[in-house]
Amino acid sequence: MGKIKNDKEYCPDEKRCLEYPRNCPECGSNSLVNDYSKGEIFCANCGLVIAEKLIDPGSERRAFDSEQAAKRIRTGASMTHRIHDKGLSTSPIKFFFGAKTGWQNRLRDAQRRTYTQTSSERSFVFALGEIDRMGSGLRLPECLKEDTAALYRKAMEKHLIRGRSIEGITTALLHIVCRQYGVSRSLKEVTEISRVGQKEINRARHFLLQKLDLKVSSASPIEFVPRFCSILNLSEETKSYTIEIIKRAIETGLTNGRDPTGTAAAAIYIAAFLNNEHRTQKVVASTCRVTEVTIRNRYKEISQGLQIDRYSSIKNSGQKNKKIRG
DNA sequence: AAGACGAAAGTGGTTGA
DNA sequence: TCAACAACTTTCGTCTT
């Protein structure tokens, strides 16, 4: 085969790496061929080798169904940030079936000793455990935990962890990623499941936002509505009604500087009341993790600001005699 | 009796000097 | 770093349903 023009490694994510040209750089022909038997991409016209040492990511042999394809695949699980070495190591234990013999146990122990070598690796393993524990406790999706782990790795590479509490950093990162994903978990909720206090988390959060140059928007009360309404067993109508109230409150500037969970709680309280699904302040407060006083203060502001006691503009079907006290 | 209301005092976070 | 401020919480007595 001809000259080697490009010796870049094959990108395993694509059939043909995007870095490789679509046309032959020598003759301009577009008849480039992937030859997996030789591990090369070459031009069928002039014979120039565009790339070599390609890895065939496909199955070992022909497969006639998805089950066979899965069995015959030659690659392992995808890389993940949630394992300290991105899941690239392997364990001899996996390949031993039944009772372990002496040499198998010795091999396993030796492998465990080499699993984490440095103290930073060990603390990283601990941090990943914390991310997994808190993520599961907060019922967060796997992708969110993955991103948190990736951010922790980034912070570690920038030497931002040393001298700070791992729990504080992991909790702060988890909350930051929640905000980036628009997942409604208040700082209070995240703090409840963390092993450190809110003060420590807040400090770490400010530090990381600054050092990692991250931007997170402040939480909107609307984000909390679906989850709170679900816990309170409220109807879809009440939920959309709550969102309508909040949208109008935001437009009117009634939510400025206010705790979004307090605003959400008050809007839920009002909407449920007006929609004949009344929930007591006590129940709404405990669900939304605010006090009854906060609900009272917020709903007083909202009901006055939006004139909800007249509420014909918000809801106008057959409930005109109802009025919330206050 | 339960739920709602409002006042007062205390707490912790934010902001600007 | 610190004081001032606004938001929020806790507590408690009172009122309403």
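Any value given below was found using the heavy atoms of this structure, including those in side chains, with hydrogens, waters and symmetry copies removed. Lettering of chains follows the sequences in order, A, B, ..., and the numbering in each one begins at 1.
- Side chain of A/K300, nearest nucleotide from B/dG6, C/dC8, B/dC5: B/dG6.
- Across all strands shown, A/G257 has heavy atoms under 4.0 Å from sugar-phosphate atoms exclusively, and none from any base.
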Per-residue pairing states of DNA chain C in dot-bracket (Watson-Crick or G-U under 3.5 Å; . unpaired, | other strand) read |||||.|||||||||||
**Message:** side chain to side chain donor-acceptor pair (under 3.5 Å), that's the test. Do A/K145 and A/S136 meet it? Break it down for me.
**Reply:** CA-CA 9 Å; A/K145 290 191 235 173; A/S136 300; 3.2 Å; yes
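- Per the geometry, NZ belonging to A/K188 stands 13 Å off P belonging to B/dG12, to the nearest Å.
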task = Decide yes or no on salt bridge (charged side-chain N to carboxylate O under 4.0 Å, His left out) for A/K154 and A/E157, but give the supporting numbers first.
result = CA-CA 5 Å; A/K154 194 175 169 185; A/E157 284 165 3; over 6 Å; no
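- Within the cation-pi definition used here (under 6.0 Å to the ring centroid, within 45° of the axis), A/R164 qualifies as a partner of A/F207.
- Each of B/dG6, C/dT10, B/dT14 was ranked by its minimum atom distance to the side chain of A/T291; first place goes to C/dT10.
- At distances below 3.5 Å, not a single donor-acceptor pair connects side-chain atoms of A/R185 with backbone N or O atoms of A/R179.
- In this structure, A/R203 atom CZ and B/dG12 atom C1' are separated by 13 Å, rounded to whole Å.
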Next item on the list: Evaluate the criterion side chain to side chain donor-acceptor pair (under 3.5 Å) for residue pair A/E277 and A/S235; output intermediate values, then yes/no.
Entry: CA-CA 8 Å; A/E277 291 185 287; A/S235 65; 2.8 Å; yes
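- Among residues two or more places apart in sequence or in another chain, the ring pair (Phe, Tyr, Trp, His ring centres under 6.0 Å) test is passed with A/H206 by none.
- In this structure, A/K282 atom NZ and C/dC12 atom P are separated by 15 Å, rounded to whole Å.
- A donor-acceptor contact shorter than 3.5 Å links the side chain of A/S184 to the backbone of A/E223.
- A/D259 places its CG atom 16 Å from the P atom of B/dG12, with the value rounded to the nearest Å.
- Between A/Y299 and B/dC5 there is a side-chain polar atom (N or O) within less than 4.0 angstrom of OP1 or OP2.
- A/E292 has its CD atom 10 Å from the P atom of C/dT10, to the nearest Å.
- Taking only side-chain atoms of A/V293, from C-beta outward, the nucleotide of C/dA7, C/dT10, B/dA4 with the closest atom is C/dT10.
- Atom CZ in A/R296 sits about 8 Å away from atom P in B/dG6, given to the nearest Å.
- For A/H278, taking side-chain heavy atoms from C-beta onward, the closest of the listed nucleotides B/dA4, C/dC8, C/dT10 is B/dA4.
- Between the CD1 atom of A/I201 and the C1' atom of B/dG13 there is a distance of 14 Å, given to the nearest Å.
- A/T280 comes within 4.0 angstrom of the backbone, heavy atoms only, and of no base.
- Distance CG (A/L209) to P (B/dT14): 12 Å, rounded to an integer number of Å.
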